[in-house]
Amino acid sequence: DAGITQSPRHKVTETGTPVTLRCHQTENHRYMYWYRQDPGHGLRLIHYSYGVKDTDKGEVSDGYSVSRSKTEDFLLTLESATSSQTSVYFCAISLRDRDTEAFFGQGTRLTVV
Amino acid sequence: AQKITQTQPGMFVQEKEAVTLDCTYDTSDQSYGLFWYKQPSSGEMIFLIYQGSYDEQNATEGRYSLNFQKARKSANLVISASQLGDSAMYFCAMREAVTQGGSEKLVFGKGTKLTVNP
């Protein structure tokens with residue numbers, strides 16, 4: 001199994017509070033991604049990183065920020081959580097080569113009440 | 001615009017029969033990769049098969065094959081001899097370059113829920 005860990009695995013938080021989700025890898029992969037999964041929408045890309053301090057927005061980045069200060073960690077922050085951000089969040093990692101698959105974390109179930 | 005389109009929200013197949021899950025994609029890049037993932041009810045994402053845009057042969061992995069039609073921009077997954085354990089969500093994904101020599105991103109379709117009936 002690829003060495004990728006998401007924390008926490010489950011979280012319930014109140015509307016308006018900041019939340020940070022962590023993705024940690026031990027594979028030294030260059031690319032890291034954050035997705036959210038909602039019924040009927042599949043996996044939607046929030047933000048991704050192609051190196052330390054190199055990040056870019058995905059298709060649903062509003063309300064989210066990310067940071068990558070080390071190769072192994074990619075943090076996703078909800079500055080002020082809203083109920084629409086209730087979702088399952090997945091982190092993924094991959095090498096640069098286009099023909100290698102991405103490996104996924106186990107997911108974080110976030111509920112904003 | 002949707003980059004990956006999976007037009008079948010749900011599919012049903014009888015055990016031991018073959019099933020095709022559709023995927024079309026949209027890109028102007030010449031070099032890209034296409035992937036299929038399986039997500040069982042337990043939630044983990046399982047990589048199934050990969051097809052590169054320059055690969056002339058269709059990819060195969062055991063009971064999985066990818067019917068790649070580049071001109072039509074389609075990358076359908078074919079599962080032969082379906083098993084009950086194949087019941088899951090299936091996602092098509094594409095990896096493409098965002099900038100020259102820079103970043104790449106991996107985008108997914110909305111998925112197809114496959115149910116295998118005994």
Side-chain angles (χ1 to χ4, degrees), chain A residues 1-6 9-10 23 27 29-61 66 68 74 87-110, chain B residues 1-10 21 23 26-27 29-55 59 61 64 66 89-113:
Chain A
D1 289 344
I4 176 170
T5 307
Q6 290 184 233
R9 293 292 313 281
H10 303 270
C23 179
E27 305 295 322
H29 282 13
R30 178 179 176 185
Y31 285 85
M32 300 185 77
Y33 308 85
W34 275 109
Y35 296 90
R36 59 177 290 173
Q37 183 176 22
D38 305 288
H41 291 277
L43 278 82
R44 291 183 290 176
L45 183 63
I46 306 172
H47 282 280
Y48 62 103
S49 170
Y50 47 99
V52 173
K53 298 185 179 177
D54 291 323
T55 64
D56 206 349
K57 296 179 180 180
E59 55 191 312
V60 290
S61 59
V66 289
R68 191 169 178 199
F74 192 33
S87 187
V88 178
Y89 291 85
F90 282 98
C91 175
I93 62 174
S94 69
L95 294 168
R96 184 209 164 114
D97 294 337
R98 211 157 291 165
D99 62 353
T100 56
E101 70 269 29
F103 299 96
F104 281 79
Q106 294 299 307
T108 294
R109 184 172 294 277
L110 177 67
Chain B
Q2 189 78 292
K3 285 278 190 177
I4 297 285
T5 302
Q6 295 181 253
T7 57
Q8 307 153 313
L21 305 184
C23 173
D26 180 27
T27 182
D29 205 0
Q30 294 302 308
S31 179
Y32 51 89
L34 297 160
F35 302 82
W36 278 90
Y37 284 83
K38 172 184 178 182
Q39 187 181 42
S41 58
S42 53
E44 71 266 35
M45 295 290 289
I46 301 168
F47 165 72
L48 294 178
I49 195 166
Y50 160 83
Q51 179 83 42
S53 58
Y54 291 116
D55 294 340
E61 288 286 349
Y64 304 108
L66 201 153
M89 284 291 291
Y90 288 81
F91 293 98
C92 180
M94 177 175 66
R95 190 162 173 190
E96 60 176 351
V98 176
T99 57
Q100 279 281 350
S103 66
E104 299 183 351
K105 60 180 181 180
L106 180 65
V107 293
F108 284 78
K110 294 185 177 183
T112 296
K113 184 174 182 179

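Order of the sequence lines fixes the chain letters, A, B, ..., with proteins taken first and strands second; residue numbering starts at 1 for each chain.
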message: Between B:Q39 and A:Q37, does the side-chain contact (heavy atoms from CB on, under 4.5 Å) criterion hold? Intermediate values first, please.
response: CA-CA 11 Å; B:Q39 187 181 42; A:Q37 183 176 22; 2.7 Å; yes
- request: Quick one: do A:E101 and B:W36 satisfy side-chain contact (heavy atoms from CB on, under 4.5 Å)? Show the steps, please.
  value: CA-CA 9 Å; A:E101 70 269 29; B:W36 278 90; over 6 Å; no
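You'll find the side chain of A:Y35 reaches within 4.5 Å of the side chain of B:L106, heavy atoms only. Put simply, the side chain of A:L43 reaches to within 4.5 Å of the side chain of B:M45, judged on heavy atoms. Side-chain contact between B:E44 and A:F90: absent, with no pair of heavy atoms (C-beta onward) separated by less than 4.5 Å.
With a threshold of 4.5 angstrom between heavy atoms, A:L45 approaches chain B through side-chain atoms but not through N, CA, C or O. Contacts between B:Q6 and chain A at a heavy-atom distance below 4.5 Å are absent for every atom of the residue.
Listed here is the closest heavy atom pair of B:K110 and A:G40: CD-O, 3.4 Å.
The aromatic ring centroids of B:F35 and A:F104 lie 6.0 Å or more from each other.
Within a 6.0 Å radius of CZ in A:R109, other residues, nucleotides and ligands contribute 12 heavy atoms or fewer.
With B:Y37 contributing its side chain and A:A102 its backbone, the two residues share a donor-acceptor pair below 3.5 Å.
Within the model, atoms NZ of B:K105 and NE2 of A:H47 stand 12.0 Å from one another, a figure rounded to the nearest 0.5 Å.
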